Amino acid sequence: MHWAEAFFTDDSEEIIATGISPSGPIHVGNMREILTGDILFKASLRKKKKSRFIYLGDDADPLRKVYPFLPQSYTEYIGKPLYKIPAPDGSFPYSEYYLTPFIETLGKLNVKVEIIRSSELYKNGVFAEATKILFENIEKVSRILEEISKRELGENWAPYNPECSKCGKITTTTVTELSFPILKYQCSCGNSGECDVRTDKGKLPWRLEWPAKWFSLGVTTEPFGKDHGASGGSYDTGKKIAEEIFHIRAPKPLMFERILLKGKGVMHSSTGINIAAHSFIENAPPESLRFILSKNQPSRHISFDPGLGLLNIMDEMEKYRKAFFGLDKVSDENLESILFFSSLTGKIEKPLPISFRHLLTLVQIYKDEASIVRLGNLGDENKSVIHEEIEIAKRWLDTYGPDDIKFKLLNEDARVKLTPEESKFISNFLGEMKDMDWSPESIHNVIHESIKSSGIDQQEGFCTFYRVLIGKDKGPRLGYFLFGLGKDYVIKRLQLNA
RNA sequence: GGGCCCAUAGCUCAGCUAGGUAGAGCAUCUGGCUUUUAACCAGGUGGUCGGGGGUCCGAAUCCCCCUGGGCCCGCCA
């Protein structure tokens, strides 16, 4: 059984939650969380469970540091909530600047999720009840944190970080007095003040905010990265607080491994080792990302390769699709589930009449879409899908295409040095092509005949064409290639080099 | 110091939740074919399931120990 379907063992209602901090560009590695959640959500619906799926944007988190992609001037914003500071391009606020492309990306990936900003939860008092309970049990809460996470909280610890009314930071305040719902603080900027913890004038610390979220929203299932799952980590403390303070069951956890960028290491926004999610799905087939995540077990890390590796993924996905429609064979008992969870439309898409790999060749030969459709024998059936696929193929080549898969025609007047055997072969071909039927198949046949009649090595023969036309030793299938270039063009180039 | 994940064919991985004759793709080999940006078709070879112990009629699967690799463990997320 598929991992997502095996995850649910009863028919109770599910509220599946995920959260990603919009503190920077959301990258492919971050997508594992939301897509794992989405796959679980869809699996629960398939099992006829009543379910909701929530994404919580942690926009109330403070800016931690000046990330490498930020100007140095951001030093002044460190410690302030992301939804209260400006974005790098001058727009406002910071959090929406990174949330917007992410939300667009979700749409393109067929992720239908309720989007909630944690700032709203504070503003609307949704956390008020949870906060009250935490304050009422402050002794017990701090003991749990200290015992399970094996750290000391210190004298001035409070279950709430107030925002300084003067400097706006929530990381520099020290609580001096607390009696729910009002708390007094002293800030290192010199200011002191009061704050109502039922409002958005501050924030719960992460280890309390997480279980408070479970309590306030009724979360039953939550996928999260392994960093939360370490012993003594935030899931451990959250679980205990859920059970002993809020008297609820902690959500069923699904811990997933990280996504690595092949050859580079773990994806991280702060190290620069990452691919922005919105950029990947613009420059590669979006369903490939869903396919990768639904096919792999969450517990396994994924070595992500947007170049040649992606082509293999596409080959595999096309094979799966064909197999689903009885046109190929794949021995994977989860074939149908994997395809369903990869789908961008809610149903399993038919395979296109052309592979992504072949399309990459066509878009390099032909400038106009009409020719690609004609030469690829694509028909009118999937016009808009094919249009989109062609655009993606072009962008993929520009963005991730490895050099040995790209080619450019040489200038029309370029001369290439050939051996006598090669020249003879070209001449033979020119002789034979005069009154041939100009179609990909017959071109292919004539090439083979010319190879035989000139006694040249087979591979040499093919190489000769590529050297004359694109200056490389390898290239696209010659029949289609020459056909697309046009008879006149081919004759011209060959005569010049014969 | 603590924790999690991974280890199954040359490579990438299924199979482990509920123990019952060890699987796929790629690579390789054989045969076919009018070879091309990692061609296609048919068939074959290939594994003490990391090591050791235990439970069991029976273990890749469950339990314990060990080894190797990856990752995590103040705050923040």
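Convention: sequence-line order gives letters A, B, ...; per-chain numbering from 1. Since we're looking at a predicted model, the values are computed, not measured.
Taking the six-membered ring for Trp and thresholds of 30 and 60 degrees, A/F69 and A/Y67 have nearly parallel ring planes, at less than 30 degrees apart. Classification of the A/F127-A/Y122 ring pair by plane angle, with boundaries at 30° and 60°, yields perpendicular. Under the 30°/60° scheme for interplanar angles, the aromatic rings of A/W206 and A/W210 are found to lie parallel.
Of the candidates B/A39, B/A77, B/C72, B/A77 carries the atom nearest the A/D61 side chain, counting heavy atoms from C-beta on. Comparing B/C75, B/U36, B/A38 against the side chain of A/R64 picks out B/C75 as the nearest. Closest to the side chain of A/K474, from the set B/A77, B/U36, B/C72, is B/U36. Considering only side-chain atoms of A/R207, the nucleotide from B/C75, B/C6, B/A77 that sits closest is B/C75. Among the nucleotides B/C71, B/A77, B/C75, the one closest to any side-chain atom of A/V266 is B/C71. Closest contact between the side chain of A/R357 and the listed nucleotides B/A77, B/A38, B/C5 involves B/A38.
Regarding A/L63, its CG atom lies at a distance of 12 Å from the C1' atom of B/A77, rounded to whole Å. A/I273 places its CD1 atom 11 Å from the P atom of B/C71, with the value rounded to the nearest Å. Rounded to whole angstrom, the span from the CH2 atom of A/W3 across to the P atom of B/C5 amounts to 16 Å. Separating the NZ atom of A/K65 from the P atom of B/A77 is a distance of 14 Å, rounded to the nearest angstrom. When the P atom of B/A39 is taken as reference, atom CZ of A/F481 falls 18 Å away, rounded to whole Å. At whole-Å resolution of the value, CG in A/D227 and P in B/C76 are 14 Å apart. In this structure, the CZ atom of A/F224 is 16 Å from the P atom of B/A77, given to the nearest Å. B/U36 atom C1' lies 13 Å from atom CZ of A/F465, rounded to whole Å.
Side-chain N/O atoms of A/D200 and A/S119 include no donor and acceptor closer than 3.5 Å. Between the side chains of A/T174 and A/Q186, no donor-acceptor pair of N or O atoms lies under 3.5 Å. Between the side chains of A/E209 and A/S118, no donor-acceptor pair is found at a separation under 3.5 Å.
Take the nearest nucleotide of RNA chain B for A/G233 and for A/H228: the residue whose nucleotide is more 5' is A/G233. Along RNA chain B, the nucleotide nearest A/K226 and the nucleotide nearest A/C463 are compared for position; the residue whose nucleotide lies closer to the 5' end is A/C463.
A close approach under 4.0 Å does occur between a side-chain nitrogen or oxygen of A/R477 and OP1 or OP2 of B/U36.
Distance noted for atom P between B/C13 and B/C56: 36 Å (whole Å). Rounded to whole Å, the separation between the C1' atoms of B/A9 and B/A24 comes to 11 Å. The separation of B/G43 from B/G54, taken at their C1' atoms, amounts to 43 Å, rounded to a whole angstrom. Using atom P as the reference point in both B/G74 and B/U12, the two lie 32 Å apart (nearest Å). Separation of the P atoms belonging to B/G15 and B/U55 is 29 Å when rounded to the nearest angstrom. As rounded to the nearest Å, B/A38 and B/G52 have C1' atoms that lie 42 Å from one another. With both ends at atom C1', the span from B/G44 to B/A27 equals 14 Å, rounded to whole Å. For the C1' atoms, the distance from B/C6 to B/C49 is 14 Å, rounded to whole Å.
In this structure B/C4 sits in a base pair with B/G70, meeting the Watson-Crick or G-U test at under 3.5 Å. Pairing partner, B/U12: B/A24, with both Watson-Crick or wobble hydrogen-bond distances short of 3.5 Å. Both distances falling under 3.5 Å, in either a Watson-Crick or a G-U wobble arrangement, occur for no nucleotide opposite B/A38.
A salt bridge between A/K474 and A/D404 is absent, with no side-chain N of the basic residue lying under 4.0 Å from a carboxylate O of the acidic one.
Note on A/S23: nothing from the nucleic acid sits closer than 4.0 angstrom, heavy atoms only. Within the nucleic acid shown, A/G475 comes within 4.0 Å of at least one base atom, counting heavy atoms only. Using a 4.0 Å heavy-atom cutoff across all strands shown, A/P205 reaches sugar-phosphate atoms only and no base atom.
With sequence neighbours excluded, no residue forms a side chain to side chain donor-acceptor pair (under 3.5 Å) with A/K169.
The cationic group of A/R46 lies under 6.0 Å from the six-membered ring centre of A/F340 and within 45° of the ring axis, placing it in a cation-pi geometry.
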Which parts of nucleotides 8-27 of chain B does protein reach within less than 4.0 Å, heavy atoms only, written one letter per nucleotide 5' to 3' as B for base, S for sugar-phosphate only and - for none? -----SSS--------S---
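Proximity of the aromatic rings of A/F462 and A/F425 is defined here by a centroid distance below 6.0 angstrom, and this criterion is not met.
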